[in-house]
Amino acid sequence: MTLEALLHQPVVAMARELVGWSLRHAGCGGVIVETEAYHESEPACHAFAGRTRRTETLFCAPGVVYVYRSYGIHAMLNIVAEPSGVGAAVLIRALAPLDEVDLMRRRRGLDTLEQLCSGPGKLTQALGIPLTLDGASLIGGPITLHPPVAGEPRAPLVVGHRVGITKAAELPWRFAAEGSAFVSRPRPWAWTGAAVG
DNA sequence: CATGGGATTGACT
DNA sequence: GTCAATCCCATGC
């Protein structure tokens with residue numbers, strides 16, 4: 001699938017497809033192994049409250065990145081989905097580290113490879129993604145997305161409930177590469193989904 | 001203007 | 001298992 005086609009998917013389909021794509025920023029990067037979908041129609045999504053200064057980015061065109069501060073400490077990286085005017089995004093929750101691993105390990109305090117990008121706050125720290133990139137585009141932006149290598153098999157998906165939220169927690173909108181050692185915790189996978197692609 | 005609450009992480013009992 | 005760090009923002013008075 002091309003980037004253009006990816007960005008035309010509804011947010012849940014986009015979250016599933018993104019597992020296996022690679023993400024890079026300033027030379028660092030890795031393969032996406034875990035995502036979650038958020039949509040304005042459900043209260044766990046920041047866009048549920050409508051357009052505010054905080055959520056404005058979520059209503060931008062698909063392919064814009066939404067970066068916000070969580071718990072006063074961590075930066076969360078999302079890829080905006082759905083047409084302009086619809087608030088939706090895919091949270092990138094974990095990467096299998098690939099590029100500039102040594103630099104990422106220094107940023108993370110020499111963490112193990114498995115734990116280097118195994119969480120949404122960890123991967124933004126490892127890749128050096130700042131809050132100021134909120135609203136930037138993946139098209140020609142400092143953060144870039146790259147499709148899986150054509151012809152190579154893709155890991156089957158496992159599906160679970162989104163974690164760390166109190167509202168709409170029942171939706172099965174968390175996706176990960178089955179068996180990957182690089183996904184975040186907890187790992188209460190509800191079931192195995194169809195293979196990606 | 002005061003307040004409460006996080007799409008988390010790491011350290012500690 | 002528990003809990004603090006730390007700050008922006010949405011909400012309500």
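Values below: all heavy atoms of this structure, side chains included; hydrogens, waters and symmetry mates excluded. Bear in mind that the values here come from a model prediction, so they are computed numbers and not experimental data. Lettering follows sequence order; numbering is per chain, from 1.
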#### Entry: Distance, rounded to the nearest Å, where A:Arg54 contributes CZ and C:dC7 contributes P
15 Å
### Message
Is A:Lys122 close enough to B:dG10 that one of its side-chain N or O atoms is under 4.0 Å from OP1 or OP2 there?
### Response
yes
### Task
Report the distance from atom NZ of A:Lys167 to atom P of B:dG5, rounded to the nearest whole Å.
10 Å
### Task
Round to the nearest Å and state the distance from A:Arg93 atom CZ to B:dA7 atom P.
11 Å
### Task
Taking atom P in both B:dG4 and C:dA4, compute the distance separating them and give it to the nearest angstrom.
16 Å
### Query
Looking only at side-chain N and O atoms, does A:Thr52 come under 4.0 Å of OP1 or OP2 in C:dA10?
yes
#### Entry: Between B:dT8 (P) and A:Glu34 (CD): distance, integer Å
10 Å
### Message
Without decimals, in angstroms, what is the distance between A:Trp173 CH2 and B:dA7 C1'?
### Response
13 Å
### Message
Can you tell me if A:Arg69 touches the phosphate of B:dT8, counting only side-chain N or O atoms and a distance under 4.0 Å to OP1 or OP2?
### Response
no
### Message
Could you check whether A:Arg162 makes a cation-pi contact with A:Tyr38, meaning its NZ or CZ is under 6.0 Å from the centre of the six-membered ring and within 45° of the ring axis?
### Response
yes
### Query
B:dG10 phosphate, OP1 or OP2: any side-chain N/O from A:Arg185 under 4.0 angstrom?
no
### Query
What stems involve DNA chain C, if each pair must be Watson-Crick or G-U and both of its distances must be under 3.5 Å, with 3 or more such pairs in a row?
B:1-6 with C:7-12, B:8-12 with C:1-5
### Query
Are any non-hydrogen side-chain atoms of A:His146 and A:Leu23 less than 4.5 angstrom apart?
no
### Summary
Here the distance between atom C1' of C:dT11 and atom NE2 of A:His46, to the nearest Å, is 15 Å
### Query
Toward the 5' end of DNA chain C, which comes first, A:Ile73 or A:Leu131, by nearest nucleotide?
A:Ile73
### Message
Under the criterion of centre distance below 5.5 Å and interplanar angle below 30°, is A:Tyr71 classified as stacked on the base of C:dA5?
### Response
no
### Query
To the nearest Å, how far apart are A:Phe48 CZ and B:dG6 P?
14 Å
### Query
Within a radius of less than 6.0 Å around NE2 of A:His161, do more than 12 heavy atoms belonging to other residues, nucleotides or ligands occur?
yes
